[in-house]
Enquirer: 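Take a look at this one; I'll ask things after.
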Amino acid sequence: MILRMSTLFLRTLRDDPADAEVPSHRLLVRGGYVRRVAPGVFTWLPLGFLVYRNVEAIVRDEMDRAGFQEVHFPALLPREPYEQTNRWTEYGDTLFRLQDRKGSDYLLGPTHEEMFTLLVKGEYSSYKDLPLVIYQIQSKYRDEARPRAGILRGREFVMKDSYSFDIDDEGLARSYQRHRDAYISTFQRLGMDFVIVSAMSGAMGGSASEEFLAPTEVGEDSFVRCSSCDYAANVEAVLTPAPSPVDPTGVPAAHVEQTPETPTIETLVDLSNARTDLARADRPWNAGDTLKNVVFMVTAPDGVRAPLAIGVPGDREIDMKRLEAALQPGVAAVFDENDFAARSSLVKGYIGPGALGETSSSGIRYLLDPRVVDGTRWITGANEPGRHVFDLVAGRDFTGDGVIDVAEVREGDACPECGSDLLLARGIEIGHIFQLGRKYAEALDLKVLDESGRLVTVTMGSYGIGVSRAVAAIAEQSHDEKGLIWPREVAPADIHLIATGKSDEVFGVAERLADALSAHGVRVLFDDRRGVSPGVKFNDSELLGVPTIVVVGKRLEEGFVEVKDRRSGERQDIPVDDVVEVIRTIVAA
RNA sequence: CGGGGCGUAGCGUAGUGGCUAGCGCGCCUGCUUUGGGAGCAGGAGAUCGGGAGUUCGAAUCUCCCCGCCCCGACCA
């Protein structure tokens with residue numbers, strides 16, 4: 001393959017596009033790989049499409065190797081199946097909806113659980129047909145509230161989604177593991193740095209779930225990994241280990257104190273330390289000694305609203321993402337002025353356990369952070385303006401209605417597996433595998449006959465890879481200040497051959513070199529443009545990011561061609577006659 | 001949906017009521033140049049996001065609408 005830059009449909013930009021912030025977006029646009037068509041909607045140009053297809057080919061190859069079978073659904077789907085699983089409603093504004101000329105409702109598929117389930121239902125009816133895994137690589141549509149970062153988060157994107165169908169949980173576990181293994185090989189071949197983290201299964205429902213994240217600063221997902229063991233989890237799924245109960249013997253009885261003008265944790269701590277009668281003997285009070293009670297209004301999918309109070313140590317905020325994940329499919333919003341006005345027992349800034357709990361006068365469900373174990377003593381609200389209660393002991397003086405693990409996760413928190421420090425980082429979600437279970441099979445009545453002739457509901461798994469997103473994630477992980485640096489497996493070409501100079505000699509040698517390499521299966525991007533200055537060609541080659549750059553130019557007089565490694569910058573002069581062999585070796589490595 | 005920023009040629013931008021909307025990149029023609037985004041000369045390319053209004057006169061002021069970017073909310 002020879003791509004000639006003299007005729008290639010490509011225009012690189014000297015300036016960064018004004019609307020691109022993250023490196024992958026900036027470089028993919030500057031390098032002429034993609035162009036924006038509409039918010040979150042992009043066109044792949046020739047070089048970009050080559051990279052995209054390489055990524056897609058690797059994903060497909062690994063699926064096929066695993067024994068999975070490819071199908072292809074339409075992107076345009078009817079409303080009915082999504083009505084049956086309630087997702088026509090649950091997906092909300094994110095769903096692209098449209099109508100045909102008769103006024104019938106359609107949608108552009110955001111994901112295809114329903115369609116796969118119905119397809120299998122229509123064809124299979126026996127346990128002998130299972131297990132089955134089918135997949136597709138298809139454009140997905142989600143009307144995101146805020147598309148961002150170029151193709152990293154678009155409204156149209158390509159996803160590989162597969163679905164497994166098994167008769168029992170053991171089978172599902174095996175299908176899940178086959179995907180996990182296939183994903184590991186896939187991302188390794190894509191040349192990506194990735195971590196596998198425990199995840200919440202989210203809106204899809206289901207149980208076991210892991211995400212494949214590409215660590216990078218621009219990632220939208222936060223995750224932790226342990227500094228010593230191999231524990232890793234999305235922050236939404238991090239488990240906070242509960243400390244052992246403390247013996248409260250010797251802690252004075254709870255006592256209410258006047259604490260005027262202390263509606264915040266900070267003012268409360270300051271006042272407690274400033275008052276000699278309240279100060280601790282051994283050390284100053286700090287925010288972690290206080291118990292902060294935050295009230296939310298939770299809206300269930302059926303629209304029913306109920307308040308929920310959560311008690312966390314005062315030095316921690318509640319992480320809204322963790323809260324949302326814990327409350328799925330309910331949605332939480334912080335109490336607003338109207339909510340407070342309707343609940344006179346709640347004194348904003350001074351809410352305490354005394355007014356909370358299902359058996360209390362308010363009847364508000366009250367859940368506690370795992371750190372609030374029996375015997376721990378707290379300073380907390382006394383449910384009257386300007387008053388707090390001191391030495392309130394969990395288990396002795398108050399109890400919650402349960403535990404909820406939604407406080408913010410911080411670097412240095414204890415690993416739930418081994419207790420070492422957790423490290424916090426960000427990543428791009430490039431793959432997600434999870435065991436759906438029977439949610440969709442039940443909703444759409446997918447059953448097969450088992451060995452004893454009884455109808456049993458099939459159990460399913462769902463597994464996605466963001467194919468177009470992976471292109472951007474690779475760009476994000478693999479670039480420098482000059483441009484992109486593609487891993488060879490996904491690069492648009494193996495070598496970027498530059499002919500530079502005036503002489504026909506140089507161009508003639510380069511032509512013959514391009515032919516020879518191409519004949520050996522080396523993919524050549526050939527800068528055969530006449531009259532373009534060397535600086536432009538060098539800069540373009542660095543921007544475009546083909547892994548090996550070969551220059552036929554000045555040193556040809558002495559019989560040499562330069563071979564440069566894009567990533568390391570290392571260059572070597574190779575005698576003309578040896579170049580083909582040297583490059584073949586590099587490409588094969 | 002809330003907060004902030006912005007919309008002038010393919011790209012990046014200047015221009016706060018007054019001549020024909022300026023510049024750089026890119027593009028076209030000619031000559032020169034050829035190892036780090038070349039030089040000279042000539043040229044094409046703009047309904048100044050859209051609409052309404054104020055005014056003798058609007059890219060510039062007012063109102064409405066549309067769109068983009070960032071942060072938050074939301075989201076496999």
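Note on naming: letters A, B, ... go to the chains in the order of the sequence lines (proteins, then strands), and numbering restarts at 1 for each one. What you see is a predicted model; the values in this text were computed from it and never measured.
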Enquirer: On a whole-Å scale, what distance lies between the P atoms belonging to rC71(B) and rG35(B)?
Expert: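 So the two P atoms sit 44 Å from each other.
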
Enquirer: Taking CG from Asp527(A) and P from rG35(B), how many angstroms apart are they, rounded to a whole number?
Expert: 15 Å

Enquirer: Once you round it to whole Å, what is the distance between C1' of rA76(B) and CZ of Arg469(A)?
Expert: 8 Å

Enquirer: Which whole-number value in Å describes the distance from Phe9(A) CZ to rG10(B) P?
Expert: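 Rounded to the whole Å, the gap is 14 Å.
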
Enquirer: Per the side-chain hydrogen bond (donor to acceptor under 3.5 Å, both in side chains) rule, what does the pair list look like for residues 467-477 of chain A, sequence neighbours excluded?
Expert: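 Residue pairs with at least one partner in residues 467-477 of chain A: Ser24(A)-Glu476(A).
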
Enquirer: By the 4.0 Å heavy-atom rule, please label Arg529(A) as base, sugar-phosphate, or nothing.
Expert: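 No contact.
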
Enquirer: Let's see if you can work this out: which of rG35(B), rA38(B), rU34(B) has an atom nearest to the side-chain heavy atoms of Ser533(A)?
Expert: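 Ranking rG35(B), rA38(B), rU34(B) by closest atom to the Ser533(A) side chain puts rA38(B) first.
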
Enquirer: What is the distance, rounded to the nearest whole Å, between atom CD1 of Ile428(A) and atom P of rA76(B)?
Expert: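 It is 18 Å, rounded to the nearest whole Å.
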
Enquirer: Would you call Ile196(A) and Phe223(A) a side-chain contact if the rule is heavy atoms closer than 4.5 Å?
Expert: no

Enquirer: Regarding Asp540(A), tell me which of base, sugar-phosphate or nothing describes its non-hydrogen contacts under 4.0 Å with the strands shown.
Expert: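 It contacts base atoms.
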
Enquirer: Could you write out RNA chain B as dot-bracket? Rules: Watson-Crick or G-U wobble, both distances under 3.5 Å, brackets [ ] for crossings, | for pairs with another strand, dot for unpaired.
Expert: ((((((((.[[[[.)..(...]]]].((((((.....)))))).....[[[[[..)....]]]]])))))))....

Enquirer: With nearest nucleotides of RNA chain B determined for Phe157(A) and Arg555(A) from heavy-atom distances, which residue corresponds to the more 5′ nucleotide?
Expert: Arg555(A)

Enquirer: Can you tell me, in whole Å, how much space there is between the C1' of rA46(B) and that of rC27(B)?
Expert: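 Those two atoms are separated by 15 Å.
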
Enquirer: Send over the distance from Asp504(A) CG to rU34(B) P, rounded to a whole Å.
Expert: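 Roughly 15 Å, once rounded to whole Å.
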
Enquirer: Which nucleotide, rG36(B), rG26(B), rU34(B), lies nearest any side-chain atom of Arg11(A)?
Expert: rG26(B)

Enquirer: Given the C1' atoms of rA44(B) and rU29(B), what is the spacing between them in whole Å?
Expert: 11 Å

Enquirer: Are side-chain N/O atoms of Asp166(A) and Ser175(A) paired as donor and acceptor at under 3.5 Å?
Expert: yes

Enquirer: Give the rounded distance in Å between these two atoms: CZ of Phe296(A) and P of rC74(B).
Expert: 11 Å

Enquirer: Which part of the nucleic acid, if any, lies within contact of Ala499(A), taking any heavy atom under 4.0 Å across all strands shown: a base, the sugar-phosphate backbone alone, or nothing?
Expert: nothing

Enquirer: Could you say whether Asn539(A) or Glu220(A) is positioned toward the 5' end of RNA chain B, judged by the nucleotide with the nearest heavy atom to each?
Expert: Asn539(A)

Enquirer: Of the options rU34(B), rG24(B), rA76(B), whose atoms approach the side-chain atoms of Pro534(A) most closely?
Expert: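 The answer is rU34(B).
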
Enquirer: Expressed in whole Å, how much space separates the P atoms belonging to rU47(B) and rG22(B)?
Expert: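 After rounding to an integer number of Å, I get 14 Å for this pair.
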
Enquirer: Between rG5(B) and rA9(B), how far apart are the two P atoms, rounded to whole Å?
Expert: 22 Å

Enquirer: Rounded at 0.5 Å granularity, tell me how far OH in Tyr176(A) sits from CZ in Phe434(A).
Expert: 9.5 Å

Enquirer: Could you pull out all residues at least two apart from Glu220(A) that satisfy salt bridge (Lys or Arg N to Asp or Glu O under 4.0 Å)?
Expert: Arg148(A), Arg153(A)

Enquirer: Round to the nearest Å and state the distance from Asp15(A) atom CG to rG24(B) atom P.
Expert: 13 Å

Enquirer: For Trp88(A), is the NZ or CZ atom of Arg97(A) found under 6.0 angstrom from the centre of its six-membered ring and inside 45 degrees of the ring axis?
Expert: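 Yes, a cation-pi geometry holds between Arg97(A) and Trp88(A).
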
Enquirer: Nearest to the side chain of Val536(A), which nucleotide is it out of rG12(B), rA76(B), rA38(B)?
Expert: rA38(B)

Enquirer: Work out how far the P atom of rG2(B) is from that of rC65(B), and round it to whole angstrom.
Expert: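 One P to the other, the span is 12 Å.
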
Enquirer: Taking atom P in both rG43(B) and rC23(B), what distance in whole Å separates the two?
Expert: 12 Å

Enquirer: Let me know the distance between CD of Glu114(A) and P of rA76(B), rounded to the nearest Å.
Expert: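 Rounded to the whole Å, the gap is 13 Å.
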
Enquirer: OP1 or OP2 of rG35(B) versus the side-chain N and O atoms of Lys554(A): is any pair under 4.0 Å?
Expert: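 It does not, given that no N or O in the side chain of Lys554(A) lies less than 4.0 Å from OP1 or OP2 of rG35(B).
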
Enquirer: Applying a 4.0 Å non-hydrogen cut-off, can you work out what Arg530(A) is touching in the nucleic acid: base, sugar-phosphate, or nothing?
Expert: nothing

Enquirer: So does Gly553(A) get a backbone contact from the side chain of Thr500(A), meaning a donor-acceptor N/O pair under 3.5 Å?
Expert: no

Enquirer: Tell me which nucleotide among rA76(B), rU33(B), rG36(B) gets nearest to the side chain of Lys502(A).
Expert: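 The listed nucleotide nearest to Lys502(A)'s side chain is rU33(B).
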
Enquirer: Looking at rA76(B), rU13(B), rG35(B), which one has an atom nearest to any side-chain atom of His432(A)?
Expert: rA76(B)

Enquirer: Please pick, from rG12(B), rG35(B), rU33(B), the nucleotide with the shortest atom-to-atom distance to any side-chain atom of Ala18(A).
Expert: rG12(B)

Enquirer: Say we look at rU34(B) and rG24(B): how far apart would their P atoms be, to the nearest angstrom?
Expert: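 Between the two P atoms, the distance is 25 Å.
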
Enquirer: Going by distance alone, is a donor N or O of one side chain under 3.5 Å from an acceptor N or O of the other, for Asp528(A) and Ser6(A)?
Expert: yes

Enquirer: Going by heavy atoms in the side chains, are Arg30(A) and Pro17(A) under 4.5 Å from each other?
Expert: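 The answer is yes; the side chains approach within 4.5 Å.
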
